[in-house]
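Sequence positions, counted from 1, serve as the residue numbers for this chain.
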Amino acid sequence: MTVDFNGIGPGQVNTQKTSTSKSEASQTKPQLSPEGAKAQAPRGENVSLSDQAKNLKQLEQRLDSYPEMDDQRIEEIKAALADGSYKIDAEKLAQKMLDMDNSIFG
């Protein structure tokens, strides 16, 4: 069963089958001549980005330059755990957990 979210109100479900098999699609699809295809080709459209969108794109590019993981930091933590020198600040950890909870659940 498929659900069409376009123009559907609460509790309404589109129960019509919307997909067709490849053989059905090839039989019902009109064949266009090259002239007809040119006539129906989409015209060029202009898109302009807001300053915020441009800033987000720049930020995304800067973030892409950073490694996904800081391998050096990971090795430092592993070594500290292995030799017992890694200390956990319980108050800082609790505050970070509360901050994360607030950012998720408000």
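- Transitive grouping of hydrophobic side chains (ILVMFWY, heavy atoms separated by less than 4.5 Å) brings Tyr66 and Leu59 into a common cluster.
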Using distance only, find each side-chain donor-acceptor pair of residues 87-104 under 3.5 Å and give its atom names and separation, not counting sequence neighbours.
unit_1 : atom_1 : unit_2 : atom_2 : d
Asp89  : OD1    : Glu91  : N      : 3.3
Asp89  : OD1    : Lys92  : N      : 3.4
Gln95  : NE2    : Asp99  : OD1    : 2.9
Ser103 : OG     : Met100 : O      : 2.8

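- Listed by chain and number, the residues in a side-chain hydrogen bond (donor to acceptor under 3.5 Å, both in side chains) with Asp83 are Ser85 (sequence neighbours excluded).
- Counting heavy atoms of neighbouring residues, nucleotides and ligands inside a 6.0 Å radius, atom CD of Gln72 does not exceed 12 of them.
- To the nearest 0.5 Å, atom CG of residue Asn55 and atom CD of residue Glu60 are 13.0 Å apart.
- Scanning for salt bridge (charged side-chain N to carboxylate O under 4.0 Å, His left out) contacts around Arg62 gives an empty result, with sequence neighbours left out.
- Side chains of Met69 and Asp71 form a contact here, defined as non-hydrogen atoms less than 4.5 Å apart.
- A distance of 13.5 Å separates NZ in Lys78 from OH in Tyr86, rounded to the nearest 0.5 Å.
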